[in-house]
There are 2 protein chains.
Amino acid sequence: MGMGRPRAFDADAALDRAMDVFWRHGYEGATIAQLTEAMSINPPSLYAAFGSKEGLLKAALDRYTEKRDAWMDRVLNAATAHEVAERFLMEHADAQTDPANPPGCLLVQGGLACGTGSANVPFELAARRTRTEDQLRERFVRAKAEHDLGESVDPATLARYLSAVTSGMCVMASSGANRETLREIAAVSLKAFEEQTKG
Amino acid sequence: MGMGRPRAFDADAALDRAMDVFWRHGYEGATIAQLTEAMSINPPSLYAAFGSKEGLLKAALDRYTEKRDAWMDRVLNAATAHEVAERFLMEHADAQTDPANPPGCLLVQGGLACGTGSANVPFELAARRTRTEDQLRERFVRAKAEHDLGESVDPATLARYLSAVTSGMCVMASSGANRETLREIAAVSLKAFEEQTKG
DNA sequence: CCACATTTGTAGCGAACACTACAGATATCT
DNA sequence: AGATATCTGTAGTGTTCGCTACAAATGTGG
């Protein structure tokens, strides 16, 4: 028996286009019409490949997380906790103002508060944000074991702080903050990080 | 000539209810049906009083800003810049986890990225956030004039930093961060503030 | 070449959306 | 009291939403 007509579009390329639409308009603000146009496919192709609008979001988030993990690996491989924090903050400032993408971060702009029909979208986004925070925390736990960070330092607090600052930078970026402004915020935050690791 | 049938509902009380819905579901996630039910009125009353869904949001934001200004006055009246920062951060942690309101802040949860039909909603929210930042900056300019802050300190940077942190706390609050967690973040941020004002 | 499995484009589905026409109700002003 | 002006509730309006039925198209395996 046959294997059916092959798909005529590249799923990953289409997800990149969908990512951009969700990023720019949020989950609820993005319409199927906009998504299909950006992806250069028709609705039946979208639904055959991804099941639903929410399924498409999850697939886009998977792809987003994939890229983000590769980036996080490079950040976490820095020699010291301080350098991890510095890279994390500074490269966030750059990424959130990269003209190749909409401002901010998909995991924040995607939607913090949604309607009753999309109630689990914010959860989905939050789970992916938590993942970054977990990766940071584990890196700081390791730094503690390596005596790169002192005994009195709480890795969870450090990770949460960095996560909060970068989330805040997303909000600023969405209202037009430029790269220099975000770097300034990152620089101040880095001093807080240093101060926190001294105590 | 007569002056017409008087309004049978309290506009401010209705706005408080609407505020809660926008806060919990975001602008686009909030439906007219949910809003009218929460406000205990029918659609024609809503449209007669506020013109449109976006008009209702603006009216709710005006009321929100009113309350926020009263709160900011108390914060800004603190004796020193340091105390201003401390109050601002800590009371934000409390306010964003106040069980009387949805988590976070209406100016962030309301919507960072919206659909093409609601494109100016994010601008409207951003403008109100900027107002808070401006108030902080002006307070720090004053602190500088009073020699409470050193000559080398940049009031704009300080204000932006505090604004970014509290925005980040909104994101954390929306994904379930509790009061203690936010206070922890506020405490770390306050150390950054101190460090920044020393340099 | 034929049977089969899957995708594609067209066209349109029911539901929910923001919003409103209309008539009755309720106030004020003369 | 009567005329007027505005609000209220019912019951919708047209539009857009996410999603899909269907038939033609296009590949594989026998």
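Note that these values count all heavy atoms, side chains included, but never hydrogens, waters or copies made by symmetry.
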To the nearest Å, give me how far apart [atom1] ([X]) and [atom2] ([N]) are.
X: B/Y27; N: C/dC17; atom1: OH; atom2: P; result: 14 Å
X: B/L35; N: C/dC17; atom1: CG; atom2: P; result: 11 Å
X: A/I32; N: C/dG14; atom1: CD1; atom2: P; result: 19 Å
X: B/L46; N: D/dC7; atom1: CG; atom2: C1'; result: 13 Å
X: B/N42; N: C/dT20; atom1: CG; atom2: C1'; result: 13 Å
X: A/E54; N: D/dC17; atom1: CD; atom2: P; result: 18 Å
X: B/E28; N: D/dC17; atom1: CD; atom2: C1'; result: 12 Å
X: A/I41; N: C/dT10; atom1: CD1; atom2: P; result: 14 Å

* Asked: Taking C-beta and beyond as the side chain, do B/E184 and A/Y161 meet within less than 4.5 Å on heavy atoms?
  ->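 Not in contact.
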
[X] side-chain proximity, nearest of [options]:
X: B/R5; options: C/dT26, D/dG18, C/dT7; answer: C/dT26
X: B/R7; options: D/dG9, D/dC19, D/dT8; answer: D/dT8
X: B/T31; options: D/dG18, C/dA18, D/dG9; answer: C/dA18
X: A/A8; options: C/dT8, C/dC17, D/dT8; answer: C/dT8

* NZ/NE/NH1/NH2 to OD/OE distance under 4.0 Å, B/D69 and B/R131 ->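 Between B/R131 and B/D69 there is a salt bridge, with a charged N closer than 4.0 Å to a carboxylate O.
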
Contact class for [X] (heavy atom, under 4.0 Å): base, sugar-phosphate, or nothing?
X: A/F9; value: sugar-phosphate
X: B/P43; value: base
X: A/P44; value: base

* **is_close_aromatic(A/F140, A/F193), centroid dist under 6.0 Å** =>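 Between A/F193 and A/F140, which both carry aromatic rings, the centre distance is below 6.0 Å.
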
* Asked: Given D/dC19, is OP1 or OP2 found less than 4.0 Å from the side-chain N or O atoms of A/Y47?
  ->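 For A/Y47, the contact criterion (side-chain N or O under 4.0 Å from OP1 or OP2 of D/dC19) is met.
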
* Asked: So, is A/S45 near the phosphate of C/dT8, with a side-chain N or O under 4.0 Å from OP1 or OP2?
  ->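 For A/S45, the contact criterion (side-chain N or O under 4.0 Å from OP1 or OP2 of C/dT8) is met.
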
* Relative to the 5' end of DNA chain C, which residue comes earlier, B/S52 or B/G4, by the nucleotide with the nearest heavy atom? ->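 Per heavy-atom nearest nucleotide, the more 5' residue is B/S52.
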
* Asked: Does a donor on one side chain sit under 3.5 Å from an acceptor on the other, for B/T181 and B/N178?
  ->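 Checked: B/T181/B/N178 side chains pair up, N/O donor to acceptor below 3.5 Å.
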
* Asked: Has the side chain of A/N77 got a donor or acceptor atom that lies under 3.5 Å from a matching backbone atom of A/D73?
  ->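 Indeed, once roles are kept as given, a pair shorter than 3.5 Å links the two residues.
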
